[in-house]
Amino acid sequence: MEMMIAFIPSVYFPILIGVGIYFCLLGTINMIDMRLHAVPPTVKEGPLVSVLIPARNEEQNIERCLNSLRNQDYLNYEILVIDDNSTDKTFSIIQKIAREDKRVRVFSGKPLPDDWFGKPYAMQQLSGEAKGDIFVFTDADTVHNPTCISWTVSNLQNSKVDFISGYTKQKLLTFGEAITVPLMYFLTTIVVPIFLNRYTRWTFFSAAIGQFIAVNRDAFEKVGGYTTIRNKPVEDMYLARLFKRQGYQTIFLDLKEQIRCRMYTGYHAALEGIGKNIFVFFGKNSVLLFIVALLVVVFIFLPFPLLFILLFIRSPFFIHVLLANSLFTLAFVIQYLDRDIPWYYAFLWPIIFLNYLYVGIFSWFRTVSGKGFLWKDRVVR
């Protein structure tokens, strides 16, 4: 028994340090890769680009979004907006802008079929009306810099890929957003080596953020568009994996200089929005979710309270755990500085991971119980 007790810290603490090093190195490699493979927005005239925007109860955001898209320096594009059965003033706002600018076309969404989720259905309707050779799917709460469409065409042509997505610049205005939204950075930046996406057809390395997805129309239609993933709540990730599985090249880049977005307006909205995606991200596999949650507790959260316990008992392993905690903090500082998020939020990582565990449990319970998630005034199950 004494040998077992001695063996555990001699293995556990080096693993903690290894995990911290992995987070720092992988986060840095992914960060450099996303920038290294992006080119400046040099193409100002080329194929027709269709910007496709689903809008449901977006009266607070849609005008700002459309005005930013009307101010692009790329010459050949159209903007299509579908009002997805809004109950506020979204449709009238879009109509007013469409009367002012012939590049903007507005459509009323059809009633949602039982076998579709809202956003995929809205996107599929838009794609059927679009005239462009390139589709840019974006959200109504995004704001686009004037070079955004030019950047999109430049990078599609330079990378010779059929699918581009990436990280936009996130605005975090509340504490609840600050401890919830960074979840997407944890999954796709310091855990998954997304730089390997270019070298393998394994869909695990594919990544996408629904705030911006650009695709070549021909490839989009050949994979079946959103009809293939009609009932997937994480439609962005599933679309990226669909492209990859069908043999098309995808790439994930840094978009913070082109698009900014406030993803959620407070903790409750973030909980519902991210909660509907977590369990699905793990394939609705309860065992896998439990294993990942256990690993997060043992190898990421536990080192923080353990640090103070070892300090109190003057353990010789204190320095190991201090180093592991420092590496975890450094990994988050690197990511937050890169994403233009206040660096001091990185020191909240123990709270962030506790919140992640809660979000995971929330996601699991709401899914298996059938209660679902309230999103855009619809229940998503």
Side-chain angles (χ1 to χ4, degrees), residues 15 18-19 21-38 120 123 135 137 155-156 158-168 183-216 218-255 274 276-296 299-300 331 335 338 356 360 363:
I15 289 177
V19 170
I21 294 173
Y22 175 81
F23 283 173
C24 287
L25 287 179
L26 183 61
T28 302
I29 292 171
N30 280 336
M31 177 181 68
I32 293 173
D33 182 80
M34 287 189 291
R35 293 185 176 185
L36 189 63
H37 290 88
M123 294 295 208
F135 293 166
F137 298 101
N155 280 276
L156 277 171
N158 178 74
S159 300
K160 295 180 174 58
V161 299
D162 295 288
F163 183 108
I164 291 180
S165 188
Y167 283 138
T168 64
L183 172 61
M184 63 181 180
Y185 300 134
F186 172 69
L187 290 176
T188 56
T189 303
I190 61 177
V191 173
V192 179
I194 56 176
F195 69 91
L196 293 178
N197 178 53
R198 294 191 313 279
Y199 307 110
T200 177
R201 291 186 62 178
W202 194 15
T203 60
F204 175 76
F205 298 116
S206 300
I209 302 294
Q211 294 160 0
F212 176 90
I213 293 176
V215 299
N216 284 320
D218 182 62
F220 176 81
E221 292 179 343
K222 286 182 178 177
V223 302
Y226 282 95
T227 58
T228 311
I229 54 173
R230 65 182 65 193
N231 56 1
K232 305 295 185 184
V234 196
E235 80 289 331
D236 46 10
M237 292 292 290
Y238 275 99
L239 188 63
R241 292 172 180 176
L242 177 63
F243 267 71
K244 196 72 173 178
R245 193 162 49 247
Q246 296 287 341
Y248 292 100
Q249 292 296 314
T250 70
I251 195 170
F252 194 83
L253 299 174
D254 185 357
L255 279 156
I274 293 180
K276 69 181 173 63
N277 297 332
I278 294 298
F279 194 39
V280 175
F281 182 84
F282 290 101
K284 294 187 177 180
N285 187 322
S286 299
V287 175
L288 180 60
L289 180 66
F290 172 79
I291 292 173
V292 172
L294 183 62
L295 291 174
V296 167
F299 292 105
I300 300 179
Q335 295 307 313
D338 178 62
Y356 289 172
S363 178

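Atom set for the values below is all heavy atoms of this structure, side chains included, hydrogens, waters and symmetry mates excluded. Count residues from 1 along the sequence.
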The single option from Ile209, Asp33, Asn30, Ile164 that satisfies side-chain contact (heavy atoms from CB on, under 4.5 Å) with Phe252 is Ile209

Interatomic distance, CE@Met237 vs OG1@Thr203, rounded to 0.5 Å, equals 9.0 Å

For Val287 and Asn285, the nearest pair of non-hydrogen atoms, with its separation, is N-OD1, 3.0 Å

Is the shortest heavy-atom distance from the side chain of Met123 to the side chain of Glu235 under 4.5 Å?
no

Notebook entry, point to check: Any side-chain heavy-atom pair from Asp338 and Arg35 closer than 4.5 angstrom?
Noted result: yes

Side-chain heavy-atom pair Phe163, Phe220 within 4.5 angstrom cut-off:
no

Result for side-chain contact (heavy atoms from CB on, under 4.5 Å) between Phe23 and one of Ile21, Leu26, Val19 points to Val19

The reported gap from CG in Leu294 to CZ in Phe299 (rounded to nearest 0.5 angstrom) is 8.5 Å

Review point. Checking side-chain contact (heavy atoms from CB on, under 4.5 Å) for the pair Ile194/Met34: CA distance, chi angles, key distance, verdict?
Key: CA-CA 9 Å; Ile194 56 176; Met34 287 189 291; 4.2 Å; yes

* Whether Thr200 side chain and Trp202 backbone form a donor-acceptor pair below 3.5 Å -> yes

Side chains of Lys244 and Gln249 in contact at under 4.5 Å (non-hydrogen atoms) = yes

Q) Just by distance, do the side chain of Asn158 and the backbone of Ala38 share a donor-acceptor pair under 3.5 Å? A) no

Taken to the nearest 0.5 Å, the spacing of Ile278 CD1 from Lys284 NZ works out to 13.5 Å

*Backbone N/O of Thr227 and side chain of Arg230: donor-acceptor pair under 3.5 Å*: yes

Between the OH atom in Tyr22 and the CD1 atom in Ile15, the distance rounded to the nearest 0.5 Å is 15.0 Å

**Asked** Taking the six-membered ring for Trp, are Phe137 and Tyr226 ring centroids under 6.0 Å apart?
**Response** yes

Rounding to 0.5 Å, atoms CZ (Phe243) and CD1 (Ile213) come to a distance of 9.0 Å

Residues His37 and Ile251: closest non-hydrogen pair is CB-CD1, 4.1 Å

Closest non-hydrogen atoms of Ala240 and Ala208, given as atom of the first, atom of the second and distance, are CB-CB, 3.8 Å

On a heavy-atom basis, the closest approach of Val161 and Asn216 is O-ND2, 3.2 Å

For the residue pair Leu239 and Lys232, establish whether any side-chain heavy-atom pair is separated by less than 4.5 Å. no

Check whether any side-chain heavy atom of Thr250 lies under 4.5 Å from a side-chain heavy atom of Asn197, and answer yes or no. yes

Is it the case that the side chain of Ser165 and the backbone of Phe212 share a donor-acceptor pair, with hydrogens and angles ignored and the cut-off at 3.5 Å?
yes

To the nearest 0.5 Å, atom OH of Tyr248 lies from atom CG of Asp218 at 6.0 Å

